[in-house]
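Okay, structure first, notes after.
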Protein chains: 2
Amino acid sequence: MTAPRLLDVAAAAGVSRATASRVLAGTPRNVDPELARRVEDAARELGYRTNHSARALRTGTTGTVGVVVPSLANPYFVQLADAIAQQVRAAGGQLVVSDAANSVEIEAEQIETLLGGRVDGLVVVPVSATASGPAVRAAAKRAPVVLFDRWASGSGTVAVTLDNAAAMRLLLDHLDDLGRHRIALVAADQASSSGAERLAAFTAARGEDATTVLLPSFTTDAGRTAGRRIAERRAAIDAVVCGADVLAVGLVSTLQRSAVSVPGQIAVTGFDDTEILELLDPPITSIRHPLAAMAERALTLLQSTARDRAETVERFAPQLVVRASTDAAA
Amino acid sequence: MTAPRLLDVAAAAGVSRATASRVLAGTPRNVDPELARRVEDAARELGYRTNHSARALRTGTTGTVGVVVPSLANPYFVQLADAIAQQVRAAGGQLVVSDAANSVEIEAEQIETLLGGRVDGLVVVPVSATASGPAVRAAAKRAPVVLFDRWASGSGTVAVTLDNAAAMRLLLDHLDDLGRHRIALVAADQASSSGAERLAAFTAARGEDATTVLLPSFTTDAGRTAGRRIAERRAAIDAVVCGADVLAVGLVSTLQRSAVSVPGQIAVTGFDDTEILELLDPPITSIRHPLAAMAERALTLLQSTARDRAETVERFAPQLVVRASTDAAA
DNA sequence: AGAGTGTGGGAAATCGATCTCCCGAGGAGC
DNA sequence: GCTCCTCGGGAGATCGATTTCCCACACTCT
């Protein structure tokens, strides 16, 4: 009762292993349709499944892609990983996801494990724009690597990201249109490229002395802290742009607790358009990433073995999703 | 510049491939310490990495475990998968996670993909206590399978779960101790074993005519709906037990919006102790699963090839985590 | 009819690590 | 001093699919 091998299928169909392989693996080689049918029938009858280890050994590819994200506790990264998983599966592969626990060291370990393991390529959402570079660069020598959502300097690798500057402009213009001009930014994780870019874009648009609250990490708890500070200055502010949804959720709940109405007194926006936005009343305006398109592009880049591609950053267009936290009519 | 093979290491160390393999793979066979050192040095120097495809082909095991969860949109399942990932990595393996999108059909597909793929064993959190059985049973013929967190009848497989009845008792006793006796249950997904068990335990304790609100799915939105219904009956109720944290979150936010104070007028408990509990004020009392211990047990079961083990359910003891949603002093 | 062209399909090498023999050397026992 | 045993370690088979030759046959063209 051992599993049937290609040899068994070939024998049952009365052909050689070579022919059976050509038929089942779909090698672009002409095979007599009659033989092909016999092989397929035999395979079906025997319940044949190709042995991936053997194929991997012979072809040198595993059909598995690895992803390293900063933290799976942030639902945005879960969504992101899911978008990549969709693409990978559509291509008949598997995805292995690792969590870097927001630590550059653990990130390096995870990258190492995945590479030492059995992946054809790696998609990395780097924890830090500076400190993640070396590990990624080292990894890129051993397998194709693409950065995703964030870049890391010194990585020597392409990055597929959102156009954060454009996103910030969308948000600010939207708030301006609503007559909100005293806008504060609540930003986190300046060490990440996305955090830094969002802050930079905000500062560029509103000037150095616009109110900003900088937090260490993209967590809801940090959003709470920000909420307290914003509540104190409620008189001077009529809108808050948050650098991440998780921040916005914490912020809104804290504001409401302080009897600040949203969007009545202060409008709030998030960033990333995760599902947790629906946790609160009101639902929160946010920026949607074109994750499917980005994931597709990332996988295309992984496959094109152009490993000498320069350290470039591709930016995808964001989309503004208006909800009641900025426009009560929405 | 091709990757070094075991042969190269053996040559560099002046030994045979067999010896090099014994040293590097740690086969329990005595090897001269001097030779072992030479092999290790050579391996390090050459930057040797064992080719997992070759090893997998030869040994017939891949070192990869697959997990299928009902939905990664529910943070509890993300935590659960993470707990399993920890254990698997500790054992030097990899984890592949799949999302069944709360559908029995997609679940069957994912199981099929993982098995066809390259996993040594499968951990499944079945979507349905009845409908998931056949797919699991079929899978169990091809590879070791362990159910996790929920069981499925007809699966012919062991399940490692929480003792939901005990958990419900913990919650009800806690509420009783606080003087809350008019308790309602908000439950979801009766098709899952956990949903059904929680409802059954509640009914057993409080009687058939205790207030229950049944919802189709474990989502925050469902929690909102429940919130509206509970708010209507606020006079008759002083506590609500939710069958899942995501429900509690939606419920609390809706109650508060309806000017029902928590825990003042109505105490609320969750289930699963996920991190989103901290999203709201007040933090929500919940039940913590001993996920690490459960994951460890599940992997032990996977490894013991006792595939003829009967269809049994192992239940782990829950832990009550008291927070301000029931006891404002907490 | 013979040479040239093309096409389907088989035999055997190959991927790299592991594992089963089996041999040789050194030590113990009588 | 000889036999037996133990233990380290090497040669080669093996896992199963892919892929590279290369042969054989059929058909066309001169």
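Note that the structure is predicted; figures quoted are calculated from it, not measured. Chain letters run A, B, ... following the sequence lines, proteins first, then strands; residues in each count from 1. All values below come from the heavy atoms of this structure, side chains included, with hydrogens, waters and symmetry mates left out.
- In this structure, the CZ atom of B/R55 is 17 Å from the C1' atom of D/dT14, given to the nearest Å.
- In this entry the distance linking NE2 of B/H52 with C1' of C/dC15 reads 16 Å, nearest Å.
- Between the P atom of D/dT18 and the CG atom of A/N51 lies a distance of 9 Å, rounded to the nearest Å.
- If you measure from atom CG of A/L7 to atom P of D/dT19, you get 18 Å, rounded to the nearest angstrom.
- Here the shortest heavy-atom pairing between A/V9 and A/A43 reads CG1-N, 3.9 Å.
- Phosphate contact (OP1/OP2 of C/dG16, side-chain N/O of B/Y48, threshold under 4.0 Å): absent.
- Closest heavy-atom contact between A/V78 and B/L72: CG1-O, 3.8 Å.
- Using a 4.0 Å heavy-atom criterion, one finds that A/T19 contacts the sugar-phosphate atoms exclusively.
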Carefully, step by step, assess A/F77 and A/V68 under the rule side chain to side chain contact (heavy atoms under 4.5 Å, CB included). CA-CA 10 Å; A/F77 293 123; A/V68 182; over 6 Å; no
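- Between the CZ atom of B/R49 and the C1' atom of C/dC15 there is a distance of 20 Å, given to the nearest Å.
- With a 6.0 Å radius and a threshold of 12 heavy atoms from other residues, nucleotides or ligands, B/E112 has its CD atom above the threshold.
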Give the C-alpha distance, both sets of side-chain angles, the deciding distance and a yes or no for side-chain hydrogen bond (donor to acceptor under 3.5 Å, both in side chains) between B/S194 and B/R150. CA-CA 6 Å; B/S194 45; B/R150 302 170 169 189; 3.3 Å; yes
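- Taking only side-chain atoms of A/D32, from C-beta outward, the nucleotide of D/dA17, C/dG9, C/dC19 with the closest atom is C/dG9.
- When each of B/G14 and A/L57 is assigned the nucleotide of DNA chain D bearing its nearest heavy atom, the one mapping closer to the 5' terminus is B/G14.
- Taking 4.0 angstrom as the limit, B/R5 places a side-chain polar atom (N or O) nearer than this to OP1 or OP2 of C/dG16.
- Judged by distance alone with a 3.5 Å cut-off, no donor-acceptor contact links the side chain of A/R58 to the base of C/dG16.
- A/A20 comes within 4.0 angstrom of nothing in the nucleic acid, heavy atoms only.
- Per the geometry, CZ belonging to B/R38 stands 16 Å off P belonging to D/dG8, to the nearest Å.
- Between B/R22 atom CZ and D/dG12 atom C1' the separation is 13 Å, expressed in whole Å.
- Contacts of A/A56 with the nucleic acid, taken as non-hydrogen atoms under 4.0 Å apart, are absent.
- Among the protein residues, A/L24 comes within range of no part of the nucleic acid, since none of its heavy atoms lies under 4.0 Å from any strand.
- Remark: C1' of D/dC15 and CZ of A/R17 are 12 Å apart, rounded to the nearest angstrom.
- The listed nucleotides are D/dG16, D/dT19, C/dC19; the one nearest the side chain of A/A18 is D/dT19.
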